[in-house]
2 protein chains.
Amino acid sequence: MIRRVSDDRPYHHGNLRTALLAAAERGLRERGADELALRDLAREIGVSHAAPRRHFPTRQALLDALAEDGFARLDSVLLTALEGTGGTAAHVRAVMTAYVRFATENAALADLMYTSKHRPGAERLLEAAAAPFGRMRELVLRGQSEGVLRGGDPDRLGMVLIATLQGLASMVNSAIAEPEQLGDLLETAFAQFVL
Amino acid sequence: MIRRVSDDRPYHHGNLRTALLAAAERGLRERGADELALRDLAREIGVSHAAPRRHFPTRQALLDALAEDGFARLDSVLLTALEGTGGTAAHVRAVMTAYVRFATENAALADLMYTSKHRPGAERLLEAAAAPFGRMRELVLRGQSEGVLRGGDPDRLGMVLIATLQGLASMVNSAIAEPEQLGDLLETAFAQFVL
DNA sequence: ACTACATTGTAGTCGCTGTCTACTTTGTAG
DNA sequence: CTACAAAGTAGACAGCGACTACAATGTAGT
């Protein structure tokens with residue numbers, strides 16, 4: 001059992017991919033995507049500068065993985081919101097609040113999730129996004145069948161709903177709208193969707 | 001009248017700031033913000049690598065200027081849409097279409113305009129954004145007074161409207177929604193705002 | 001238990017970038 | 001005409017992403 005440099009860390013990290021994602025997520029939250037450097041993460045974790053390459057062949061691959069994970073986290077946040085008490089209308093309100101809360105508390109992550117980079121091979125991201133979008137679609141279907149939501153193609157309505165929420169989060173994140181307005185803005189949006 | 005290196009370009013460019021912005025805008029459209037390098041732009045224009053610094057002290061300053069210009073261009077696009085024929089409802093529809101068209105044809109620019117980078121000194125950007133937002137607010141006021149738009153605080157309603165449009169553009173730009181759906185999505189959104 | 005091989009780490013290098021500093025050329029106001 | 005401000009150049013530096021060659025470790029097959 002030979003140990004490396006300072007005789008404390010094993011040659012193989014064992015969980016480098018996970019460690020990288022965790023460190024990257026923290027860096028993303030605290031300093032933004034532009035400040036994320038693979039070499040910084042490697043130093044922070046204590047591996048060589050080239051080690052991350054085994055798990056993320058390129059910096060963009062790491063950012064994509066972050067975005068993918070972001071959609072999974074968003075999905076679980078929405079799921080939690082749907083577990084609350086109250087009727088469908090209350091659920092809609094809860095989900096709306098939860099979405100915007102998530103997207104404003106993780107502003108840089110939200111940017112990554114909806115970035116418009118030239119990305120030909122982003123199937124993984126789209127699959128990850130399908131989870132929260134599907135969940136929202138189900139809620140819309142339920143709302144329509146109960147008559148609390150406007151009719152029409154549930155896919156379209158769900159998409160417009162998420163778009164509105166993500167747009168509102170963007171306004172706050174870019175400092176165009178003030179965070180204090182968020183409650184009122186959400187209420188205005190809510191009134192448009194719920195009959 | 002001494003000339004420089006290849007005896008063709010004068011020592012002073014004369015319009016370097018404008019030239020940089022133009023080249024950057026093209027690069028932004030064709031290759032995305034990540035690929036924008038100050039040194040590339042300098043080479044393309046034919047000045048030294050340090051010359052851009054006189055006009056944009058940092059790369060981020062150039063990106064901010066691009067975003068600022070983006071809001072000005074957006075405002076003029078909206079203005080054009082408002083000059084069309086038809087009543088207020090038609091104007092609302094035209095503005096909605098124009099917004100989403102602008103934000104999808106200039107996807108990377110839209111990202112810059114609504115980015116959530118830690119930006120303490122972004123007053124310039126906010127001032128630039130005030131133009132299109134103010135224009136939208138006027139339209140909302142007109143729509144409300146004519147009874148074609150839902151009531152409530154016009155600032156809030158205008159903000160929700162732009163948020164919805166920007167959100168829809170984000171969905172398309174990130175390939176979550178397909179461009180072909182845009183028409184239907186816009187119609188769904190339109191039906192929510194116009195009584 | 002041994003051994004071949006895939007996996008996952010290390011070290012070093014390369015070109016490129018953004019930023020900074022010192023210097024030079026040009027425009028311009030007094 | 002002359003001093004100074006404005007706007008360019010050249011060179012240096014550290015840091016980064018990406019690539020390569022090599023080393024250590026886990027593991028599957030005999």
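Side chains are part of it too, since the values below use all heavy atoms of this structure and drop only hydrogens, waters and symmetry mates. Letters A, B, ... mirror the listed sequences (proteins, then strands); counts begin at 1. Being a predicted model, the structure only gives us computed values, none of them experimental.
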Discussion item. Looking at B/Glu178 and B/Val172, would you say the former's side chain and the latter's main chain have a donor-acceptor pair under 3.5 Å?
Written reply: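 Such a contact is absent between B/Glu178 side chain and B/Val172 backbone.
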Integer-rounded Å distance: [N] [atom2] and [X] [atom1]:
{"X": "B/Leu16", "N": "C/dT26", "atom1": "CG", "atom2": "P", "value": "16 Å"}
{"X": "A/Arg54", "N": "D/dA24", "atom1": "CZ", "atom2": "P", "value": "15 Å"}
{"X": "B/Phe56", "N": "C/dT19", "atom1": "CZ", "atom2": "P", "value": "13 Å"}
{"X": "B/Leu41", "N": "C/dT19", "atom1": "CG", "atom2": "C1'", "value": "16 Å"}
{"X": "B/Asn15", "N": "D/dA6", "atom1": "CG", "atom2": "C1'", "value": "14 Å"}
{"X": "B/His55", "N": "C/dT19", "atom1": "NE2", "atom2": "C1'", "value": "17 Å"}
{"X": "A/Arg53", "N": "C/dA11", "atom1": "CZ", "atom2": "C1'", "value": "14 Å"}

Worksheet item: Parallel, tilted or perpendicular for A/Phe71 and A/Tyr114, by the 30°/60° rule?
Response: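 Rings of A/Phe71 and A/Tyr114: perpendicular, over 60°.
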For nucleotides 14-18 of chain C, tabulate all protein N/O to nucleotide N/O atom pairs closer than 3.5 Å, reporting atom names and distance.
{"from": "C/dT17", "atom 1": "OP1", "to": "B/Arg43", "atom 2": "NH2", "distance (Å)": "3.3"}
{"from": "C/dT17", "atom 1": "OP2", "to": "B/Arg43", "atom 2": "NH2", "distance (Å)": "3.0"}
{"from": "C/dG18", "atom 1": "OP1", "to": "B/Leu38", "atom 2": "N", "distance (Å)": "3.1"}
{"from": "C/dG18", "atom 1": "OP2", "to": "B/Leu38", "atom 2": "N", "distance (Å)": "3.1"}
{"from": "C/dG18", "atom 1": "OP2", "to": "B/Arg39", "atom 2": "N", "distance (Å)": "3.2"}
{"from": "C/dG18", "atom 1": "N7", "to": "B/Arg39", "atom 2": "NH1", "distance (Å)": "2.3"}
{"from": "C/dG18", "atom 1": "O6", "to": "B/Arg39", "atom 2": "NH1", "distance (Å)": "2.9"}

Worksheet item: Should we count CZ of B/Arg142 as having more than 12 external heavy atoms under 6.0 Å?
Response: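 More than 12 within 6.0 Å, yes.
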Tell me which donor-acceptor pairs under 3.5 Å the side chains of residues 20-39 of chain A have, and how far apart each pair is, sequence neighbours excluded?
{"from": "A/Glu25", "atom 1": "OE1", "to": "A/Arg73", "atom 2": "NH1", "distance (Å)": "3.3"}
{"from": "A/Arg26", "atom 1": "NH2", "to": "A/Glu44", "atom 2": "OE2", "distance (Å)": "2.2"}
{"from": "A/Asp34", "atom 1": "OD2", "to": "B/Lys117", "atom 2": "NZ", "distance (Å)": "3.4"}

Practice prompt. In sequence, state the C-alpha distance, the side-chain angles, and the governing distance for A/Ser170 and B/Gln166, and then conclude on side chain to side chain donor-acceptor pair (under 3.5 Å).
Written response: CA-CA 8 Å; A/Ser170 289; B/Gln166 175 55 32; 5.7 Å; no
Item to complete: Check the pair B/Leu16 / B/Arg54 against side chain to side chain contact (heavy atoms under 4.5 Å, CB included), numbers first and verdict last.
Response: CA-CA 9 Å; B/Leu16 185 50; B/Arg54 296 290 171 198; over 6 Å; no
Worksheet item: So which one's nearest nucleotide on DNA chain D is more toward 5', B/Ala50 or A/Gln60?
Response: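 The residue mapped nearer the 5' terminus is B/Ala50.
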